Each structure stands twice: as structure tokens, then as C-alpha cells.
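Start at 1 and go down the list; that is how both ligands and their atoms are numbered. Remember, it's a predicted structure, so these values are computed and weren't measured experimentally.
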Amino acid sequence: MKRIKVSEIKPGMILAEKIISPKGQILAEAGTAVSAQQLLHLSYYGIKELAIQDEADAIERYHFDAPDEFVGETQSWRIVNSQEFSEFKRAYEKCADKLEEIVNDFVKKQTQLEDEELLEDIHSVFEKHSTGLGIMAMMLNIQEIDTTTYKHSVNVAIISRVCGGWLGIKDEKELDVLTMCGLYHDIGKSLVPQSILTKPDSLTAEEFGRMAEHPLLGYNLLSDAALDRRIKLAALQHHERNDGSGYPYGLTKDFINQYSKIVAITDVYDAMTADRCYRAGICPFEVIAQFQREDRSKYDQGILQVFLQNIAESYIGAGVLLSDNSRGTIAMINNKALSSPLIKLEDGTFVDLKERTELYIKACI
Ligand SMILES: [Fe+2]
Ligand SMILES: [Fe+2]
């Protein structure tokens, strides 16, 4: 057992002791995995440290979702088992395969980036699936463990395009540029040894150094290509952070392009959801909480607020299972606490998760 600062705890770590509120209420039992929503709520109680079990692999066993008896009725389950999702998945996999081909040809044979067809495929995904289940809900469920760089890049492209729309970008040409920022942001990884990219254990300092070269490698690869400059900058700047804590240059917000700032957020969002994919799927409020735990000065808050607020609002009316196993629907989003909405319970009463900080959303059902 070790005591760790709340800010350093990752969702999925296993509690060594139960968490008790100052009023004596049990917030979480020993032996259970802690969630991002719980960690966010702990700040309300002034709890600064927790006792965590020494298990490096705890995060892999982390089960943030409904208990087994709910598996057949979660929203994720319904999405994954729908006709629309299987069509979406087919189109999505085709995009990832095509991207792999384009990037390989470009890097190895110095051919042009022949991406018109790929962009058309992405357009048709948007036309077919922008209603109904919604692209973001499907994206959340398409995640798999050990996803490839190409799938990740298609994810970031699609999510960036959705985010661009939410930010008010209407011009299709501009949305295409943003989509391509996502498609090529990690192109530099094609020059990083595969053994480093797929290493299951944590990287050594030297390996991390090689990995951290990918933004610069990507920018150099794209520098002579006939592409909008912002696409090249997104490859270079997507790991830069507003507060100067990013890499490769430690740029601060005034020196980072707007589209790079969007990709920085969608890239992290995709990595967070990939970290949390389990058979019963993931609830977006957990990812929102995870973002809200991050330092506010890292990301462009204007973009982040619009992005997370739209995700949260798309769940108004959706069924939820709370941590005390009561059920309800999302009635209203709290703009200042996006992961803690107002819930209408089955008996018609309301519970505000912003006030009831011992409760959180366990699953979308
Ligand atoms: Fe990257
Ligand atoms: Fe990435």
C-alpha cells in the first residue's frame, strides 16, 4: 500500500482503504477501482491523498461500467449491437486501411498524399451517421485495446471535424483542413521504430526521447507536400500545451495554431477513451471528469468547454445508472460541472450530482 496525492491518482487504481467524507459517509469501499468522477468529487471534501494498493496492472483490470446484470441494457451494448454501428464500423475500418496505404506510399515511395477518396469516405460517414445514434456515441464504442496509429488518426480526424462544427466552422473546405490535421497529426510515428510504438511496458528515457521526436519528424515529412500550412503545424504542435509544458518546443498559447489546439484536445480525448474500453463500453461522463481533473491552463478552455459541453448535452434524456444503483435520466447539464448533471430518478424526484458529491454516474443505460 502507498499513499498518493489525489492529483496523481489515475482512474482504475485500487483503493487500499475506504474513503470516508468529513461527515462520516462512506464514499468508496476498499478494494474497489476509483473512477475519474469520484476523484473529481474528492476535491469538494478537501481530501488530498488516498491509500492505493501496489498493483501496477490495476488500471488494466479497471472496470468502469455497469455490473454484469446490466450489460445487456447499457447504451453501449445497444449501439454495438445495432445495424447502424456495423455499417459505421465497416466504413471506419475502410478509412483506416486507406490511410495506412496512403501514408506508407507517401513515406516509402515519396508519392503524393492521395487523400481525396479518403476525404470523400469520411464525408459519407458524416452524411449517413450524423443523425441517429450520433457519431460521437459510436466513436466512443469503436475503441479497442491496442488500436493502431491509423485507427487513432481516423478517430482524431472524425472527432476534430465534429468539434469544428460545434465551434461554428461551417465552410466545408475549412472542415476538410481540420479533418486532415487529424489524419496526419501522428504521421511522424511512421518513422519511430515499431518496437517502441507497441511496447506494452513503460518506455525508458531513451525510448521516450525517440517517441517525442514524432512531431518534428512528421513536420519534416510534410514540409514539402502541397498541403495547407495548418496541417503541417498540427503535426508539429499537437503535443504543445498552452502553459508551455508540452513538446517539442514548449510553445505557449500565443504561438500555437488554433487547429493544433483543437487536435491537442481531440487527440487526448481519443487516448482517454481508448484507455477505458471494456466489453460493456464507456460512459462519456467519465471522460469529461478526466478532462476536468487536468490543469485548466494546459488546454484552450474556449475549445474544451464547447467540446465537452456538446458531448454532455447530447446525453440529455439518456438513461443512467448511478453509483448507488438507482436509475434515472439526465434532465439538465450543469455548465460549471459538466460531469455532474441533474438526474430525474425513476420515482420522479430529482438529484443534482453537483450537490450530491458522493454519487456519480456508473453507466449510461
Ligand atoms: Fe502525437
Ligand atoms: Fe495522436
Which is the closest N/O/S atom of H214 when seen from the Fe ion (ligand 1)? NE2
Would you call D300 and K253 a salt bridge, taking side-chain N to carboxylate O under 4.0 Å as the test? no
Please give the atom name: the N, O or S atom of D267 nearest to the Fe ion (ligand 2). OD1
Parallel, tilted or perpendicular: which describes the rings of F88 and Y92, with under 30° parallel and over 60° perpendicular? parallel
Parallel, tilted or perpendicular: which describes the rings of H238 and H214, with under 30° parallel and over 60° perpendicular? tilted
Tell me whether the centres of the aromatic rings in H185 and H239 are closer together than 6.0 Å. no
Rounded to 10°, the NE2/H238 to the Fe ion (ligand 1) to OD1/D186 angle comes out at 90°
